[in-house]
J.: 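Before we start, here is the structure in question, set down as structure tokens.
Basis for what follows: all heavy atoms, side chains included, without hydrogens, waters or symmetry-related copies. Since this is a predicted model, take the numbers as computed values, not measurements. Read the numbers this way: they start at 1 and go in the same order the structure lists the ligands and their atoms.
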Amino acid sequence: MADGAKVRTVAEVMTTDVLTASASDPLAKASARMIERGVGSIVVVDPGTPVAILTERDLVRAGAAGADLSTARVSDWMTPNANTVGPNDEVLAAFDSLNAHGYRHLPVVDAGALVGVVSIRDMLKLAQVLRIEHPGAIEARRGLEGVVVAETEVGDVRGQEGFYHYRQYNAVELAEKRSLEDVWHLLYEGHLPTPAERETFAEEIRSLRTIPPAVKGLLPAIATAGDHFVPLDALRTAYSLLAYALDFRSWLDIDKVTLRANAMQTSAVMPTLIMALYRLNQGLDPIDPHPDLAYAANYLYMLTGEVPEPGHARAIEQYLISTTDHGFNSSTFTARVITSTGADLGSAVVGAIGALSGPLHGGAPSRALDMLDAIGTPDKAEEWIRNSVMKGERIMGFGHRIYKTDDPRSLMLRGVAERLGGDMVDFAKQVEKTVVDVLAELKPGRNLYANVEFYAGVVMDKVGLPRTLFTPTFTSSRVIGWTAHILEQAADNRLIRPSAHYAGPPPPVPVPEL
Ligand code: ACO
């Protein structure tokens, strides 16, 4: 029976109008009454007290032995000392008793008195008596923590070690030494590009950055729909339109080359969509991608129309590289689940954007900066954080499902923030230390440290990105990881379809007549 489901008792399923006979009755009389009532047994009583049971099986035995039913007595063929159950016994216990003895009926006895009979037929009315579990079913921990659900060659996160990698390469080292395009190539093609491959790949991306005309014309409506502009919601809507306009199909109906082309188009156009929507909402014209700028510099360029300082472009590039992929995080898992159904790549990416939008996942960096604003000055940090944690609130940008030590992305981004410099960086470092200390005191043993989101907000702010673009910016890099996973899922697919324990009141209840 399902954990948490109500236990059902014999009293709930038994038949109370019990057919009884006396031991001295002729067998013919007892069997005629059983046929008349359409039941397979009769309880033999010695006024009020059950002493035995006479079943169809006993009648078959009597017939086979040539007994004369009119002269034979119930006492000659009944099963004496019948097993009984109590009305408050669990149905499952009664079922086990029937099963163990091969019986089909059990008298129900309360304080020595016959109060009912329970049969296999009564139990079969209860579908959940013996819930058939899927053979080999495994009980997963809440939130699927620690549950391995697939194989991947894209990368891995080793939480205890504070280490993660993309196809064997330490991701932080990649962020220090390589461009985003190189990492993108690594994720899609399985290896870092040669100089010639780098050129070809960059050329391919360049040609796909432009928003298709069928979508471009509708962007002003999306950017200004609703009173409150949420760039990520607008992006989700515009990207969905793009996937539809470009005729992305179920990957079951297209070849690998077309699916990869869908992935390239998606990752290449995402930054352009983000910035076009943002500018349109501000009443400004979108800025076309700069043909000579690489991904990260072009990203900042499309916000202002100014070629960014190299230091700013490199800072945002390092952030983007560090967030391209991260194991089976919630949004990546979402993308793989949707892909496993054979859905088109666009549907999987739209779903993943939705998963990323949540404050427990990708929606935290702007909230982390809001927290710095709310704290105001270093001397107020401890009191503010202490009060928040005491109230049961979560400190945004801290804690992680996998990392129980420093998040390597946070360490790297703290370094990037220090390089950019400024009062806010110093303040953020003081707040980080205070949060870690307060959480260690108030939440001992939980090992809560700054995650990627804390310094991400600081870095994005320092390079001039408005807060509402923080999560869309995260989306622009993570989409490369999502699509790499989508390609991998499609290459070796099995429908992802787990099960759940039903924990509500037991079924079935009769459907009320109208
Ligand atoms: N502030 C205060 N307490 C926290 C925090 C936090 N940021 N994070 C975890 N805890 C506490 C919880 O209250 C809980 O305490 P309890 O044992 O007294 O109930 C304990 O630590 C364990 O928390 P869980 O929610 O079980 O941890 P889980 O692994 O499910 O959550 C998560 C991970 C969602 C990231 C969590 O740490 C959190 O909410 N952090 C704040 C939001 C955030 O920064 N999100 C971005 C994550 S990074 C990314 O997705 C890219």
Side-chain angles (χ1 to χ4, degrees), residues 140-147 155 157 159-160 162 164 166 171-172 175 232 318-335 352-372 374-375 381-414 428 431-460 467 470-482 485:
R141 288 161 72 178
R142 252 166 79 80
L144 298 184
E145 183 174 1
V147 177
V157 183
Q160 298 299 332
Y164 73 116
Y166 305 154
V172 170
L232 194 68
Q318 288 184 289
Y319 164 70
L320 294 170
I321 292 173
S322 72
T323 50
T324 303
D325 185 50
H326 206 240
F328 257 54
N329 59 85
S330 306
S331 55
T332 300
F333 182 52
T334 302
I353 294 174
L356 189 76
S357 70
L360 299 189
H361 188 9
S366 58
R367 291 170 191 249
L369 273 202
D370 293 345
M371 174 179 77
L372 293 183
I375 293 172
E382 180 165 348
E383 190 190 349
W384 193 96
I385 293 155
R386 203 171 272 281
N387 284 342
S388 299
V389 178
M390 301 285 267
K391 277 191 277 176
E393 289 169 6
R394 288 181 180 233
I395 308 297
M396 289 294 145
F398 289 82
H400 197 271
R401 171 60 64 81
I402 306 288
Y403 292 122
K404 301 303 172 197
T405 178
D406 284 313
D407 181 334
R409 302 167 300 179
S410 155
L411 296 180
M412 189 206 71
L413 291 173
R414 185 166 63 198
V431 170
E432 181 198 3
K433 185 173 177 336
T434 311
V435 173
V436 171
D437 290 348
V438 170
L439 287 175
E441 183 195 324
L442 299 180
K443 295 274 176 186
R446 270 63 149 215
N447 299 315
L448 302 167
Y449 299 93
N451 61 47
V452 63
E453 306 279 78
F454 186 65
Y455 284 106
V458 178
V459 168
M460 286 193 265
R467 285 180 200 192
F470 287 1
T471 307
T473 302
F474 186 3
T475 308
S476 75
S477 62
R478 185 53 63 85
V479 72
I480 296 171
W482 293 334
H485 277 274

J.: Assess the side chains of N329 and R478: does a donor N or O sit below 3.5 Å from an acceptor N or O?
T.: yes

J.: Hey, could you give me the CD/NE2 distance between E453 and H400, rounded to the nearest 0.5 Å?
T.: 8.5 Å

J.: Should we say atom CD of E383 is surrounded by more than 12 heavy atoms from elsewhere, each under 6.0 Å from it?
T.: no

J.: For R367, what residues pass the side-chain hydrogen bond (donor to acceptor under 3.5 Å, both in side chains) criterion, not counting sequence neighbours?
T.: none

J.: Under 3.5 Å, is there a donor-acceptor pair between the S477 and T324 side chains?
T.: no

J.: Give every pair formed by an N or O atom of ligand 1 and a protein N or O atom closer than 3.5 Å, one pair per line with both atom names and the distance to 0.1 Å, or write none.
T.:
{"unit_1": "ligand 1", "atom_1": "1 (N)", "unit_2": "I395", "atom_2": "N", "d": "2.9"}
{"unit_1": "ligand 1", "atom_1": "7 (N)", "unit_2": "I395", "atom_2": "N", "d": "3.4"}
{"unit_1": "ligand 1", "atom_1": "7 (N)", "unit_2": "I395", "atom_2": "O", "d": "2.8"}
{"unit_1": "ligand 1", "atom_1": "7 (N)", "unit_2": "F398", "atom_2": "O", "d": "2.8"}
{"unit_1": "ligand 1", "atom_1": "13 (O)", "unit_2": "K443", "atom_2": "NZ", "d": "3.4"}
{"unit_1": "ligand 1", "atom_1": "15 (O)", "unit_2": "K443", "atom_2": "NZ", "d": "3.3"}
{"unit_1": "ligand 1", "atom_1": "17 (O)", "unit_2": "R446", "atom_2": "NE", "d": "3.0"}
{"unit_1": "ligand 1", "atom_1": "17 (O)", "unit_2": "R446", "atom_2": "NH2", "d": "3.2"}
{"unit_1": "ligand 1", "atom_1": "18 (O)", "unit_2": "K443", "atom_2": "NZ", "d": "2.8"}
{"unit_1": "ligand 1", "atom_1": "18 (O)", "unit_2": "R446", "atom_2": "NH2", "d": "2.7"}
{"unit_1": "ligand 1", "atom_1": "25 (O)", "unit_2": "R394", "atom_2": "NH1", "d": "2.9"}
{"unit_1": "ligand 1", "atom_1": "25 (O)", "unit_2": "R394", "atom_2": "NH2", "d": "2.8"}
{"unit_1": "ligand 1", "atom_1": "29 (O)", "unit_2": "R401", "atom_2": "NE", "d": "2.8"}
{"unit_1": "ligand 1", "atom_1": "30 (O)", "unit_2": "R401", "atom_2": "NH2", "d": "3.0"}
{"unit_1": "ligand 1", "atom_1": "39 (O)", "unit_2": "R394", "atom_2": "NH1", "d": "2.9"}
{"unit_1": "ligand 1", "atom_1": "40 (N)", "unit_2": "F398", "atom_2": "O", "d": "2.9"}
{"unit_1": "ligand 1", "atom_1": "44 (O)", "unit_2": "G397", "atom_2": "N", "d": "2.8"}
{"unit_1": "ligand 1", "atom_1": "44 (O)", "unit_2": "N451", "atom_2": "ND2", "d": "2.9"}
{"unit_1": "ligand 1", "atom_1": "45 (N)", "unit_2": "L360", "atom_2": "O", "d": "3.3"}
{"unit_1": "ligand 1", "atom_1": "50 (O)", "unit_2": "H361", "atom_2": "O", "d": "3.1"}
{"unit_1": "ligand 1", "atom_1": "50 (O)", "unit_2": "H361", "atom_2": "ND1", "d": "2.9"}

J.: Taking the six-membered ring for Trp, are H326 and Y403 ring centroids under 6.0 Å apart?
T.: yes

